[in-house]
Amino acid sequence: MGRRILRILALIVLVLWVGMSSLPAPALALTAEHQLVSEVWRIVNRAYLDETFNHQNWWFVRQRLLKQDLANREVTYQTIRDMLASLDDPYTRLLPPEQYRSLQTNTSGELSGVGLQIAKDEAEPVLQIIAPIEGSPAADADLQPRDRILAIDGLPTQDLTLDEAANHMRGPVGTLVTLTVARTGRPNRDITLKRALVTLNPVSTRLSQVDDLTVGYIRLSQFNANAAEEIAAQIQGFEAQGANAYILDLRNNPGGLLSGGIDIARLWLNSGTIVYTVDRRGILDSFEATGAALTQDPLVILVNEGTASASEILAGALQDNHRAQLVGNVTFGKGLIQSLFDLSDGSGLVVTVAKYETPDHHDINHSGIRPDYTVPLNQTITRDQLGTEQDAQYLAALDVLNQSRVVASVP
């Protein structure tokens, strides 16, 4: 009997101990620095695409960081950067207030620097060029998509975040910066660029008569807040002048605003899905074409390895809906979607929240979009030669439009 009582008492003690161990720990008195870390942690915990958080216990990450001594805001920022680095995702990153403000120039206005859109591969920490901005020092120096930047003014880029690399390339107009660039099949070289004021003028157009075709050529170099409105005005103007075929040039277009890609797709589609988005729960959201297209005329889209992100959404939407044929090279393959979150201290947080799929459910991240007609550009041409007889991909697009016109005329 006594042993039984002892066993029961031991069991009661064990149950009480287990129960007490599962109670929540007393709330910590968080400093302003710890509150900022916790704010970032909560956003990532709620929104980040990978629910394994790169195969780590995200709760333990928070608990460990909240025990650290955060002496000032710079220490806090570095702690947040270290926390985000553990996700092994170069696109999820902290933007301190000054960087956050400068980000706004990417979607409206102008910027001071060399004019490069850059990316980092998750598999290896190599800084890659997506595309140079037209008319920038980088474009004038013939920097190309997929070139790798190994160093900036002698500083290796391997351990730099995207924003740190961008900050090293930005600077006052007229100052110099030297990039160590690697290109497949060529020796590494140092290229010195003079920083300039880079104006973002994303839309350029031309109406040409080619045999029986009146071709509206529209080159879109970047998606910003006004791109869809500008292209709509150009299409309406071309229609009034008798255009009966179109070429939309998205080569070296690194993307920009997702909404811009969706809005421009709607200019060409009467109906149909434009893009699906997939979050970490596998939930599909979709964006649809609404309203009548501005034209039903044949359309060819020019793409290359510098066609990325929102421009891939646009190209994929029009290809899968059989509204356009694609000519050129396989696109860059950036199929991840980031959202921007305001933080309480005026900084910003960029978080990868979803991936996108084309209407036919192609996941293009890393694989890109394959054109209907693969046409290499065997020689380097200048910006002024784009969309001219010196442009082999443009000439191929004209051939496709002529074939479409012949097919359409067959009874």
Side-chain angles (χ1 to χ4, degrees), residues 134 201-223 226-253 260-272 274 289-304 306-307 310-329 331 358-359 369 371-375 377 383 385-409:
E134 287 196 8
N201 294 317
V203 180
S204 57
T205 64
R206 186 180 65 255
L207 189 66
S208 302
Q209 190 69 37
V210 183
D211 298 327
D212 293 334
L213 294 175
T214 304
V215 181
Y217 172 81
I218 302 174
R219 176 161 175 77
L220 178 63
S221 60
Q222 190 176 25
F223 292 86
N226 302 317
E229 184 179 345
E230 290 185 42
I231 288 184
Q234 290 296 333
I235 294 173
Q236 290 167 338
F238 285 158
E239 288 291 293
Q241 297 175 67
N244 56 16
Y246 286 87
I247 295 175
L248 177 60
D249 192 345
L250 298 180
R251 291 174 296 179
N252 287 1
N253 183 325
I262 293 169
D263 290 343
I264 293 171
R266 286 172 173 157
L267 302 178
W268 303 94
L269 290 170
N270 290 319
S271 62
I274 295 170
T290 54
L294 297 183
T295 177
Q296 305 296 329
D297 294 327
L299 171 66
V300 171
I301 301 177
L302 294 174
V303 295
N304 69 354
T307 304
S311 57
E312 290 176 290
I313 289 176
L314 174 57
L318 298 180
Q319 183 186 50
D320 284 2
N321 281 287
H322 308 289
R323 178 61 184 89
Q325 298 185 80
L326 273 54
V327 170
N329 297 323
T331 62
T358 70
I369 295 176
D372 300 284
Y373 299 91
T374 299
V375 179
L377 199 59
R383 185 171 67 254
Q385 292 173 322
L386 292 171
T388 70
E389 293 183 355
Q390 286 75 43
D391 183 346
Q393 292 173 336
Y394 171 78
L395 294 179
L398 290 177
D399 287 342
V400 172
L401 288 173
N402 272 311
Q403 292 170 17
S404 299
R405 187 170 179 81
V406 169
V407 170
S409 64

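Since the structure is predicted, the reported quantities are computational estimates derived from the model, not experimental observations. What you see below is based on every heavy atom in this structure, not just the backbone, and it leaves out hydrogens, waters and symmetry mates.
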Locate the shortest heavy-atom distance separating Ala228 from Asp263; write the atom from each residue and the value. CB-CB, 3.7 Å
Output for pair (Trp268 CH2, Thr295 OG1), nearest 0.5 Å, gives 6.5 Å
Carefully, step by step, assess Leu398 and Ile247 under the rule side-chain contact (heavy atoms from CB on, under 4.5 Å). CA-CA 8 Å; Leu398 290 177; Ile247 295 175; 3.9 Å; yes
Within a reach of under 6.0 Å around CD of Glu389, are more than 12 heavy atoms found that belong to other residues, nucleotides or ligands? no
Side chain to side chain, Arg251 and Asp391, heavy atoms closer than 4.5 Å: yes
Is there a donor-acceptor contact under 3.5 Å from the side chain of Ser208 to the main chain of Val210? no
Quick one: does any side-chain atom of Asn252 pair with a main-chain N or O of Asn304 as donor and acceptor, under 3.5 Å? no
Please give me the minimum heavy-atom distance between Gly242 and Thr214, naming the atom from each residue. O-CB, 3.6 Å
Using every non-hydrogen atom in the two residues, find where Thr388 and Gln385 come nearest and quote the distance to one decimal. OG1-O, 2.5 Å
Can you find a heavy atom in the side chain of Leu299 that is under 4.5 Å from one in the side chain of Arg323? yes
Check for a donor-acceptor pair, side chain of Asp372 on one end and backbone N or O of Leu326 on the other, with a separation under 3.5 Å. yes
Where do Gln209 and Asp212 come nearest, in terms of heavy atoms and distance? NE2-C, 3.9 Å
Does the side chain of Ile231 reach to within under 4.5 Å of the side chain of Ile218, using non-hydrogen atoms? yes
Ala227: side chain to side chain contact (heavy atoms under 4.5 Å, CB included) partners, not counting sequence neighbours: Leu220, Asn224, Ile264
Does Gly387 offer a backbone N or O that forms a donor-acceptor pair with the side chain of Arg219 under 3.5 Å? no
Heavy-atom side-chain proximity of Leu314 to Leu248 below 4.5 angstrom: yes
Between CG on residue Leu267 and CG on residue Leu318, distance to nearest 0.5 Å: 9.5 Å
Arg266 side chain near Ile274 side chain, heavy-atom distance below 4.5 Å: yes
State whether the side chain of Ser311 and the backbone N or O of Leu250 hold a donor-acceptor pair below 3.5 Å, judged by distance alone. no
Just verifying a value: how many Å separate Glu312 CD and Asn253 CG, rounded to the nearest 0.5 Å? 9.5 Å
Beyond-backbone contact of Tyr217 with Leu386, side-chain heavy atoms, under 4.5 angstrom: yes
Determine yes or no for a side-chain-to-main-chain donor-acceptor pair under 3.5 angstrom, with Gln393 supplying the side chain and Val375 the backbone. yes
Using side-chain contact (heavy atoms from CB on, under 4.5 Å), reason through Ile369 and Val303 one step at a time and then give a plain yes or no. CA-CA 9 Å; Ile369 295 176; Val303 295; over 6 Å; no
CD1 of Ile313 to OG1 of Thr307: how many Å apart, nearest 0.5 Å? 13.0 Å
Is there any side chain to side chain donor-acceptor pair (under 3.5 Å) pair reaching into residues 227-238, and which pairs are they, with sequence neighbours excluded? Thr205-Gln234
Minimum heavy-atom separation for Val300 and Ala397, please, with both atom names. CG1-CB, 3.6 Å
Mind listing the closest non-hydrogen atom pair of Pro371 and Gly328 along with its distance? CG-O, 3.4 Å
Side chain of Asn270, backbone of Ala293: donor and acceptor closer than 3.5 Å? yes
With a 4.5 Å heavy-atom cut-off, do Tyr394 and Asp249 have their side chains touching? no
Would you say Tyr246 and Ile235 make side-chain contact, with heavy atoms under 4.5 Å? yes
